[in-house]
Amino acid sequence: VAIAAESRAAEYCVFCRKRREALSPFGETGNHDDVSADVLPLAAIDAIHRLVTDASRLTETWVTELAEEGVPDTHYVELLSVVVSIRSIDIFHRAMGISPEPLPEPVAGEPSNKRPVAAASGVGWVPMLPSRLRAGDEADLWRGPAPNVMRAMSLVPDAVRWLKELSAAHYLSMENMPDFTRGRGPLSRAQTELVAGRVSAINECFY
């Protein structure tokens, strides 16, 4: 809940605005307009603000160094998944002219602390599960070759499950994605790629 609240606060952070306008995000120093310093470590707050306001300039070195500041790879992936989820929901509400959903009260409990055994370093900045899963506790995450945008969060399997649910509600289910990308819907494949590419460029989509 604190991560979600901080994600919303990042949009109005004066320091983030100043850093985004700088030639390099690492050339500016200052303090974030945060709302959760009593709950989250400062490195996590900075990561949330960077993800929300300046994601196109993140680096692998920065992600690696987060672990030294108290945000290991599993925490980073879970943090990322919460930011992606709340941003998707909030922007949808904004587009519809609807007020943001109130954040829920935190629920007591302990994390599973389970790290998938099959997760390994490779093409991403964090360990990921292999593209094809045939058995095990994570076998439900995908069937057949998995898109890297999903695999990027697979170090925390529940993060992939959240993203799948969100995608099915706001966009398309993973099961229907192949038909869409092959041009079996109202748009041809070329038209689909043109719209997707243009929207991604306008949004400065890092991926």
Side-chain angles (χ1 to χ4, degrees), residues 1-37 40-95 100 103 121-128 146-156 158-167 170-171 193 195-207:
V1 175
I3 293 169
E6 199 62 53
S7 174
R8 288 177 170 176
E11 285 197 72
Y12 307 100
C13 179
V14 174
F15 173 59
C16 284
R17 193 175 305 119
K18 180 181 178 183
R19 184 168 60 184
R20 183 175 169 78
E21 293 170 354
L23 182 62
S24 167
F26 303 104
E28 294 290 335
T29 57
N31 297 313
H32 291 291
D33 298 319
D34 66 82
V35 295
S36 53
L40 300 173
L42 293 180
I45 291 173
D46 183 60
I48 294 165
H49 282 246
R50 286 181 186 271
L51 287 165
V52 172
T53 65
D54 205 12
S56 63
R57 295 195 292 178
L58 300 182
T59 65
E60 183 174 8
T61 299
W62 172 76
V63 172
T64 302
E65 290 176 348
L66 277 176
E68 300 172 7
E69 299 179 44
V71 184
D73 51 10
T74 46
H75 291 198
Y76 172 70
V77 171
E78 187 160 18
L79 179 152
L80 171 63
S81 71
V82 174
V83 171
V84 168
S85 298
I86 196 69
R87 294 286 294 162
S88 297
I89 295 168
D90 283 356
I91 291 172
F92 177 81
H93 278 60
R94 185 182 305 161
L103 295 177
S121 300
V123 297
W125 293 352
V126 293
M128 303 187 299
N148 286 334
V149 70
M150 290 286 193
R151 291 181 62 212
M153 295 191 197
S154 60
L155 189 59
V156 180
D158 275 344
V160 177
R161 296 181 181 103
W162 300 337
L163 189 60
K164 285 174 62 177
E165 290 182 15
L166 198 57
S167 177
H170 279 179
Y171 186 44
E193 294 292 351
V195 172
R198 181 60 178 154
V199 170
S200 294
I202 291 172
N203 288 340
E204 297 182 7
C205 176
F206 177 78
Y207 181 78

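Since this is a predicted model, take the numbers as computed values, not measurements. Throughout, residue positions are numbered sequentially from 1 according to the sequence presented.
In this structure, CG in Leu40 is found 5.5 Å from CD1 in Ile45, a value given to the nearest 0.5 Å. A distance of 10.5 Å separates CG in Asn203 from CZ in Arg198, rounded to the nearest 0.5 Å. How far CG of Asn31 is from CG of Leu42: 8.5 Å, rounded to the nearest 0.5 Å. We find the CH2-OG distance between Trp162 and Ser85 to be 7.0 Å, quoted to the nearest 0.5 Å. For the atom pair CD (Glu65) and OG1 (Thr59), the distance works out to 7.5 Å, reported to the nearest 0.5 Å. Atom CG of Leu103 and atom OG of Ser7 lie 9.5 Å apart (nearest 0.5 Å).
A heavy-atom distance below 4.5 Å is not found between the side chains of Glu6 and Val83. The side-chain heavy atoms of His32 and Ile48, taken from C-beta on, include no pair separated by under 4.5 Å. Under the 4.5 Å side-chain criterion, counting only non-hydrogen atoms from C-beta, Leu58 is not in contact with Val63. Leu51 has its side chain within reach of Tyr76: a pair of non-hydrogen atoms, C-beta onward, lies under 4.5 Å apart. A heavy-atom distance below 4.5 Å is not found between the side chains of His93 and Pro100.
The heavy-atom pair separating Asp33 from His49 by the smallest distance is O-CE1, 4.0 Å. The shortest heavy-atom contact between Ser81 and Ala159 is CB-CB, 3.4 Å. The heavy-atom pair separating Ala4 from Val82 by the smallest distance is N-CG1, 4.0 Å. Of all the heavy atoms in Ser88 and Leu166, the pair that sits closest is CB-CD2, 3.6 Å.
Judged by distance alone, the side chain of Asp73 and the main-chain N or O of Val126 form no donor-acceptor pair under 3.5 Å. For the pair Ser154 (side chain) and Arg151 (backbone), a donor-acceptor distance under 3.5 Å is present.
Each salt bridge (charged side-chain N to carboxylate O under 4.0 Å, His left out) pair with one or both residues in residues 78-95, not counting sequence neighbours, appears once here: Arg8-Asp90, Glu11-Arg87, Glu11-Arg94.
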*Tell me, with the steps shown, if Glu28 and Glu21 meet side chain to side chain contact (heavy atoms under 4.5 Å, CB included).*
CA-CA 10 Å; Glu28 294 290 335; Glu21 293 170 354; over 6 Å; no
*Kindly determine whether Thr53 and Phe15 satisfy side chain to side chain contact (heavy atoms under 4.5 Å, CB included), including the steps that lead there.*
CA-CA 10 Å; Thr53 65; Phe15 173 59; over 6 Å; no
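Applying the salt bridge (charged side-chain N to carboxylate O under 4.0 Å, His left out) criterion to Asp54, with sequence neighbours excluded, gives Arg20, Arg57. For Arg161, the salt bridge (charged side-chain N to carboxylate O under 4.0 Å, His left out) partners at least two apart in sequence or on another chain are Asp140, Asp158.
Ring geometry, His170 versus Phe92: the interplanar angle falls under 30°, so the pair is classed parallel (tilted spans 30 to 60°).
Surrounding CD1 of Ile202 are more than 12 heavy atoms belonging to other residues, nucleotides or ligands, all under 6.0 Å away.
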